[in-house]
Amino acid sequence: MGGALNVSVDGEDLILTSWVDNDVRIWNQQSQEIKWKKAELLAPVSATRYGNLIVVAEHGRQRVIGINEEGEVVTIFADNLPAPTGLAVEGGALYVSDRSLGQILTLAQNNEPLSKPRIVAEGLESPEGFVWYEDKIIVIEADRGHVTLVEGANKIHLANIPPGSQAASDLQPPSQVFNGITVDREGNFYIPGETNRVLYKLSNPFQ
């Protein structure tokens, strides 16, 4: 199945991303097979489904692209981003974090790219994975090892995790080991500890 440094859910399948293999794959766990693959990318760091497209944050080309079922790049949602990193879809909109800019940006609404990315949050330090929950954004600031709540202009420190490791060279994405976050239906957040290899559960962070 190749290497995988990032994973997202696609119905009953998983979307696996590897900047080492320079590809994105859709993997079916039940059949244990690759259903779809896009190779010859340049340092992809994350991918997710948005409508009929697989959207990829392609660090090596500083862009976020949409790829169709035939493996063709049919949409460029953003380019000239120094470090496009995490992706999220919420309320019909597509979002990306940029690790170098310290921002979370809206790239598309209702499957249509915006003419210009719109800043949703800024002033973050090395943002990587993020999720939406009850109109709030919870983001991992990787270098700090912070789990941070963003609500409007306010940023609230919720918890600490081990800081992420640094890229060994400029040839690697700064998010060489992606620091992600997910949430379940009860509002529990799950965050991997990159350097100590544990999984953290953060419950009721807003109480």
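- Inter-residue side-chain proximity for Ile34 and Trp27 is flagged as met; some heavy-atom pair is nearer than 4.5 Å.
- Hydrophobic clustering (side-chain heavy atoms under 4.5 Å, transitive across Ile, Leu, Val, Met, Phe, Trp, Tyr) keeps Val139 apart from Ile181.
- Taken to the nearest 0.5 Å, the CD atom of Glu122 stands 5.5 Å off from the CD atom of Gln103.
- In this structure, Ser18 and Pro44 approach most closely via the heavy-atom pair O-CG, 3.6 Å.
- In this structure, Glu12 places its CD atom where only 12 or fewer heavy-atom neighbours from other residues, nucleotides or ligands lie under 6.0 Å away.
- Between the CZ atom of Phe77 and the CG atom of Leu87 there is a distance of 10.0 Å, given to the nearest 0.5 Å.
- Here CD of Glu58 is found 8.5 Å from CG of Asn22. Values are rounded to the nearest 0.5 Å.
- Counting heavy-atom neighbours within 6.0 Å of Glu69 CD, excluding the residue itself, gives a total of 12 or less.
- Looking only at side-chain heavy atoms (C-beta outward), Tyr95 and Pro117 stay at 4.5 Å or farther from each other.
- In this structure, CG in Leu158 is found 8.5 Å from CD1 in Ile191, a value given to the nearest 0.5 Å.
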Full working for side chain to side chain contact (heavy atoms under 4.5 Å, CB included) between His146 and Asn160: CA-CA 5 Å; His146 282 187; Asn160 292 322; 3.3 Å; yes
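- Taking 4.0 Å as the cut-off between side-chain N and carboxylate O, Arg99 and Asp143 count as a salt-bridged pair.
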Working for side chain to side chain contact (heavy atoms under 4.5 Å, CB included), residues Ile138 and Thr148: CA-CA 6 Å; Ile138 297 84; Thr148 301; over 6 Å; no
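- For Val45 against Thr17, the heavy-atom pair with the smallest separation is C-CG2, 3.7 Å.
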Stepwise side chain to side chain contact (heavy atoms under 4.5 Å, CB included) test for Phe178 and Leu5: CA-CA 7 Å; Phe178 186 84; Leu5 292 167; 5.8 Å; no
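- Cluster membership for Leu114 and Val74, using ILVMFWY side-chain heavy atoms within less than 4.5 angstrom, is not shared.
- Between Asp13 and the options Lys35, Arg25, Arg49, a salt bridge (charged side-chain N to carboxylate O under 4.0 Å, His left out) holds for only Lys35.
- Surrounding CG of Asn196 are more than 12 heavy atoms belonging to other residues, nucleotides or ligands, all under 6.0 Å away.
- The shortest side-chain heavy-atom distance between Ile26 and Leu14 does not fall under the 4.5 Å cut-off.
- Side-chain atoms of Tyr50 come within 3.5 Å of backbone atoms of Asn111 as a donor-acceptor pair (strictly under, hydrogens ignored).
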Test log, rule side chain to side chain contact (heavy atoms under 4.5 Å, CB included), inputs Leu53 and Asn68: CA-CA 5 Å; Leu53 302 177; Asn68 65 14; 4.1 Å; yes
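- Closest approach of Pro127 to Asp98, counting heavy atoms only: CG-O, 3.5 Å.
- With a 6.0 Å radius and a threshold of 12 heavy atoms from other residues, nucleotides or ligands, Gln32 has its CD atom above the threshold.
- Taken together through direct or relayed side-chain contacts under 4.5 Å among Ile, Leu, Val, Met, Phe, Trp and Tyr, Val183 and Ile161 form part of one hydrophobic cluster.
- Between Asp23 and Lys37 there is a salt bridge, since at least one side-chain N of the basic residue sits less than 4.0 Å from a carboxylate O of the acidic one.
- With a 6.0 Å radius and a threshold of 12 heavy atoms from other residues, nucleotides or ligands, Asp184 has its CG atom above the threshold.
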Verdict with reasoning, Asn188 to Ser203, per side chain to side chain donor-acceptor pair (under 3.5 Å): CA-CA 5 Å; Asn188 300 302; Ser203 300; 2.8 Å; yes
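- Side-chain contact between Ser165 and Glu194: present, with at least one pair of heavy atoms (C-beta onward) separated by less than 4.5 Å.
- Other residues, nucleotides and ligands contribute more than 12 heavy atoms inside 6.0 Å of the CD atom of Glu70.
- Between Ala47 and Val56, the shortest heavy-atom distance links the atoms CB-CG2, 4.1 Å.
- Remark: the Glu128 side chain and the Thr85 side chain contain no N/O donor-acceptor pair separated by less than 3.5 Å.
- Nearest approach of Ala121 to Val150, heavy atoms of both residues: CB-CG1, 3.8 Å.
- At distances below 3.5 Å, at least one donor-acceptor pair connects side-chain atoms of His157 with backbone N or O atoms of Ala159.
- Transitive grouping of hydrophobic side chains (ILVMFWY, heavy atoms separated by less than 4.5 Å) brings Leu149 and Val131 into a common cluster.
- Side chain of Trp19 to backbone of Gln176: a donor-acceptor contact under 3.5 angstrom is found.
- A single hydrophobic cluster is seen to contain both Ile67 and Val24, as judged by linkage of ILVMFWY side chains at heavy-atom distances under 4.5 Å, directly or through other members.
- Residues Phe130 and Ile140 form no side-chain contact, since every pair of their non-hydrogen atoms from C-beta on lies 4.5 Å or further apart.
- Inter-residue side-chain proximity for Thr75 and Pro113 is flagged as met; some heavy-atom pair is nearer than 4.5 Å.
- By the 30° and 60° cut-offs, the orientation of the rings of Tyr133 relative to Phe189 is perpendicular.
- Atom OG of Ser97 sits about 6.0 Å away from atom CD1 of Ile104, to the nearest 0.5 Å.
- Contact between Leu81 and Val96 at its shortest, heavy atoms only, is CD1-CG1, 4.3 Å.
- From Ile76, atom CD1 reaches atom CG of Leu107 across 12.5 Å, with rounding to the nearest 0.5 Å.
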